[in-house]
*Asks:* 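Next up is a structure, given as structure tokens.
For this chain, numbers begin at 1 and follow the sequence in order.
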Amino acid sequence: MSDPVGKLPSELDQLPDRDTEETAEWAASLDAVAQAAGTRRAEYLLRRTLQHAEAAGLALPKLLETDYVNTIPTSAEPEFPGDEAMEARITAWNRWNAAAMVTRGSKYGVGGHIATFASAAWLYETGFQHFFRGKEADGSGDQLYIQGHASPGIYARAFLDGRISEHQLDNFRQESGGNGLPSYPHPRRLPWLWEFPTVSMGLGPLSAIYQARFNRYLQNRNIKDTANSHVWAFLGDGEMDEPESTAALALASREQLDNLTFVINCNLQRLDGPVRANFRVVQELEAQFRGAGWNVIKTLWGSAWDELFQLDTTGALVRRLREVPDAQFQTYATRDVAYIRQHFFGANAELVALGALLSDAKIAECFHTSRGGHEPRKVYAAYKAALEHKGAPTVILAQTVKGYTLGAGFESKNANHQMKKLTIDEFKSMRDKLDLPIPDSAFEGGQVPYGHPGANSPEVQYLNERRAALGGPAPARKVKQVALPAPADRSFAPLLKGSGKQEMATTMAFVRLVKDLMRDKETGKRWVPIVPDEARTFGMESLFPSAGIYSPLGQTYEPVDRDQLMYYKEAKDGQILNEGITEAGAMADFIAACTSYATHGEPMIPFYIFYSMFGWQRTADQMWQLADQLGKGFIVGATAGRTTLTGEGLQHADGHSHLIASTNPASLNYDPAFAYEIAVIVKDGLRRMYGETPEDVFYYLTVYNEPKVQPAMPEGVEEGILKGLYRFNQASDLENAPAADAAKIQLMASGTAIHWILQAQALLAADWNVAADVWSATSWGELRRDALECDEALLRGEVRTPYVTRALEGAAGPVLAVSDWMRQVPDQISQWVEQDYTSLGTDGFGLSDTREGARRHFGVDAQSIVVAALAQLARRGEVPASAVKEARERYGL
């Protein structure tokens, strides 16, 4: 018999029913309730049954949305352990000073955000008073990801506890003169306070997840006891639209990261207006997080709503709240009671009757200001429940009013994110609302004053006592420098001596070096290999059985390749972080590992290896986040260059990552040509990042997948390798050297292009009697950095010659620079080269072809280099002009 029209088959139709009569009885009971008490009662019973089943641990699909009410009712709230009146006074001072510092700064035109902290003040203050563990207790304390736009409130609290001066508050967003405060959380600018840069939207939540995961990684590898560290991420509801914000939710639940709590400030507004004008963002987020396996706590309504819910015996209020879109609810927050009675309670007869029982004052309180995120008891209950929940991360959806306590001109207004100041009258009104002892005389001259109850006041004493009990000030960044011993030279020796007759790509050379370094007794365990599901591409599968792939569950299955030497081995104490196909996730892993020296006092040595095209082009924002967070480690762009990855074509062809990387001041960028160069660079990188005087830098190395014979390191080239340029050989070294009076040219290349100019050097000598010296440019970026520093020194009256100028001093003839990158990469140094300078590169879009075909297409193969060299010499009159045309014809160009 066919299915009824419109009825779709479900998975239940495929499961045998061992008792059809019992099933029919359950269905009949539901039909009876719907007929006797109405469909709404039947819906209510089903929801309550599903909630009960979930709480009992029954294996049923989760109910993705619950009613638009608080998860923890008032009757179930735990006893509040603090002095609520005292904490209200502390919060009032912080609200005031946060608004004052932005308003005072507005006269300089530097801007700032007032409304965000005004809405979230109790979300932060309740945590600071009762939950956030500081750095002075055992362990590493908690990790706090502060919402960027709330930074004025954090500065205000640091002013109250004496860590920031009034002078610094007045230099908010004015850092160049010293003693200033950065606009947002920036560890590089204020390294004693901020741990995590968060204002680049979406990167905070992503990083918080991987930080919580890395805490477990350290714990499971027995490197640091992080059991008492909790990660708190404070986010905006608008920020959750960023794809990075929710990209790793499944990872957090899959790995049961109950050391992680998201606190999403749902003030229902983003920068220009409502987050979900025609929908309800809280319900959407609840479904998203519950579907991903998170524990969800909704803290929506303040205690003023308790009376309304008690009077709602029919469920009409709850149903109405569930159907009103966010933009309309924001309108209620700004309109008079008559409007609310007409448009909200006038929706049906049940609501009209309910509204008649309520005073105008009660309606105004509920709809204008009473939100769960503004009441410390409700926030405390949510935080306590989050910490007590085990087996999954928790998200707290806390509803607030954006601009709360700033006055009617700010609260719930679409434009309040762009409003940078209050008038004196608005400040006086705010003072009265917050009951602060600031006299009118303090406003003389039209300047709003800062407020402070005094260093010995009950408020400051209470604040300091609470922080002492929780392990010291927060947020705070404390670095205990731990120098790592240099690895033994024997790890570097194989690369320094070359590969003999065997061909080896520089990617494999790097992997072999790290594999040896991971065996070092002193520092081997501190290496953190990170790869986004491309380990076999880079020849890293040999690390699988020896180092293991990290998994908090270990290996619960028998791998298909268990009988092979390099089988896929997962382990709870595994060293490799194999992230799957997520460059953003792998980069977030890398940031957590790179900053472990500060977060946990445990320096780790991460290297993140990936297709170079998918690094700086795809995740460069995270590279800046890494720099802001003062991270240290090795970023390795493999399959580098525009022509070495045969056949892959446009979307895999990287000819520009070095150009993007050059924009980041903390990134030291190298494009080594030979294995021995990699050894020298990595060894010095370990010294600079992890030695006795560590620098806040990281390395970007590009390596290639093109197998080549790797020569032994010539003598005396170490300095040139590190500074970015050295002469690899001279024309006079060739077996058939050109005549002494031959025209001369300097050929310079980085990375795999060194092999093209070596071929060109031989052709120039054999076919054209031109003497070409070959130079290895290991780092165009470091050459430029040095030259810029020399230029700056000159402005101070110091005469310094750039290294690239000194290195090429006396070199005869013009310079031709070649690389597998855009010409802009080698052109970075052109102004400091005294010789005539030109370049060849792979400008334009990539394409699918053989290496030879692609290089001929871009005009960077050996024959094309010869023609370009002859053209340079012809312009100088050092070879006949006809030689250029003759060469093109000879080589078929």
*Asks:* Can you list everything that forms a side-chain hydrogen bond (donor to acceptor under 3.5 Å, both in side chains) with Arg888? Sequence neighbours excluded, please.
*Replies:*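 Scan of Arg888 (side-chain hydrogen bond (donor to acceptor under 3.5 Å, both in side chains), adjacent residues dropped) gives none.
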
*Asks:* Any side-chain heavy atom of Pro197 within less than 4.5 Å of one from Gln629?
*Replies:*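 The answer is yes, as the side chains (C-beta and beyond) meet within the 4.5 Å cut-off.
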
*Asks:* Distance under 6.0 Å and angle within 45° of the ring axis: does Lys632 meet both against Phe698?
*Replies:*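 No, Lys632 and Phe698 do not form such a contact.
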
*Asks:* Under a 3.5 Å cutoff, is there a donor and acceptor pairing between the side chains of Asp628 and Tyr184?
*Replies:*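 No, no side-chain donor-acceptor pair sits under 3.5 Å.
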
*Asks:* For Asp654 and Ser612, work out which heavy atoms get closest and say how close.
*Replies:*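 That would be OD2-OG, 2.8 Å.
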
*Asks:* How far apart are the closest heavy atoms of Gly649 and Ser848, and which atoms are they?
*Replies:*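 The answer is CA-OG, 3.3 Å.
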
*Asks:* For Gln710 and Phe674, which heavy atoms make the closest approach, and how far apart are they?
*Replies:*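 Looking at all heavy atoms of both residues, the shortest contact is OE1-CA, 3.3 Å.
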
*Asks:* Checking side-chain contact (heavy atoms from CB on, under 4.5 Å) against Ile865, which of Leu764, Val818, Leu763 comes through?
*Replies:*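 When side-chain contact (heavy atoms from CB on, under 4.5 Å) is applied between Ile865 and each of Leu764, Val818, Leu763, only Val818 qualifies.
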
*Asks:* Hey, could you give me each pair passing side chain to side chain donor-acceptor pair (under 3.5 Å) that has a residue in residues 757-766? Not counting sequence neighbours.
*Replies:*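 Applying side chain to side chain donor-acceptor pair (under 3.5 Å) to every pair that reaches into residues 757-766, excluding sequence neighbours, yields Asn729-Gln761.
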
*Asks:* Take a 6.0 Å sphere around CD of Glu735 and say whether it holds more than 12 heavy atoms from other residues, nucleotides or ligands.
*Replies:*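 At most 12 heavy atoms, drawn from other residues, nucleotides or ligands, come within 6.0 Å of this atom.
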
*Asks:* Here's a test for you: under ring-ring contact (aromatic ring centres under 6.0 Å, His included), which of Phe634, Phe538, Phe510 qualifies with Phe607?
*Replies:*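 Looking at Phe634, Phe538, Phe510, the match for Phe607 under the ring-ring contact (aromatic ring centres under 6.0 Å, His included) is Phe510.
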
*Asks:* Which residues satisfy the side-chain contact (heavy atoms from CB on, under 4.5 Å) test with Ile660, sequence neighbours excluded?
*Replies:*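 Trp616, Ala620, His656.
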
*Asks:* Report the relative orientation of the aromatic rings in Tyr891 and Trp768; use parallel for angles under 30°, tilted for 30 to 60°, perpendicular for over 60°.
*Replies:*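 Ring orientation of Tyr891 relative to Trp768: perpendicular.
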
*Asks:* Minimum heavy-atom separation for Ile681 and Leu722, please, with both atom names.
*Replies:*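 So the minimum-distance heavy-atom pair works out to CA-CD2, 4.0 Å.
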
*Asks:* How about NZ on Lys497, more than 12 heavy atoms from neighbouring residues, nucleotides or ligands closer than 6.0 Å, or not?
*Replies:*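 No, the 6.0 Å shell around NZ holds no more than 12 heavy atoms from other groups.
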
*Asks:* Check whether more than 12 heavy atoms from other residues, nucleotides or ligands sit under 6.0 Å from atom CZ of Arg890, and answer yes or no.
*Replies:*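 Count over threshold, so yes.
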
*Asks:* Do you know the tightest heavy-atom contact between Met604 and Tyr690?
*Replies:*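 Distance-wise, the nearest heavy atoms are O-OH, 2.9 Å.
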
*Asks:* side-chain contact (heavy atoms from CB on, under 4.5 Å) between Glu175 and Arg189: does it pass, once the steps are laid out?
*Replies:* CA-CA 9 Å; Glu175 300 178 75; Arg189 291 300 184 204; 3.3 Å; yes

*Asks:* State the OH-CG distance between Tyr803 and Asp786, to the nearest 0.5 angstrom.
*Replies:*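 Spacing of OH (Tyr803) from CG (Asp786) equals 9.5 Å.
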
*Asks:* Taking atom CG of Leu795 as the centre, report whether more than 12 heavy atoms of other residues, nucleotides or ligands fall under 6.0 Å from it.
*Replies:*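 Check passes, neighbour count above 12.
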
*Asks:* Between Arg876 and Pro814, what is the shortest heavy-atom contact and its length?
*Replies:*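 Shortest heavy-atom separation between Arg876 and Pro814 comes out as NE-CD, 3.6 Å.
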
*Asks:* Take atom CD of Glu503 as the centre, draw a 6.0 Å sphere, and report whether it contains more than 12 heavy atoms from other residues, nucleotides or ligands.
*Replies:*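 Yes - once you tally the heavy atoms of other residues, nucleotides and ligands closer than 6.0 Å, there are more than 12.
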
*Asks:* Show the numbers, then the answer: is there a side chain to side chain donor-acceptor pair (under 3.5 Å) between Thr801 and Arg806?
*Replies:* CA-CA 7 Å; Thr801 303; Arg806 288 187 283 115; 5.4 Å; no

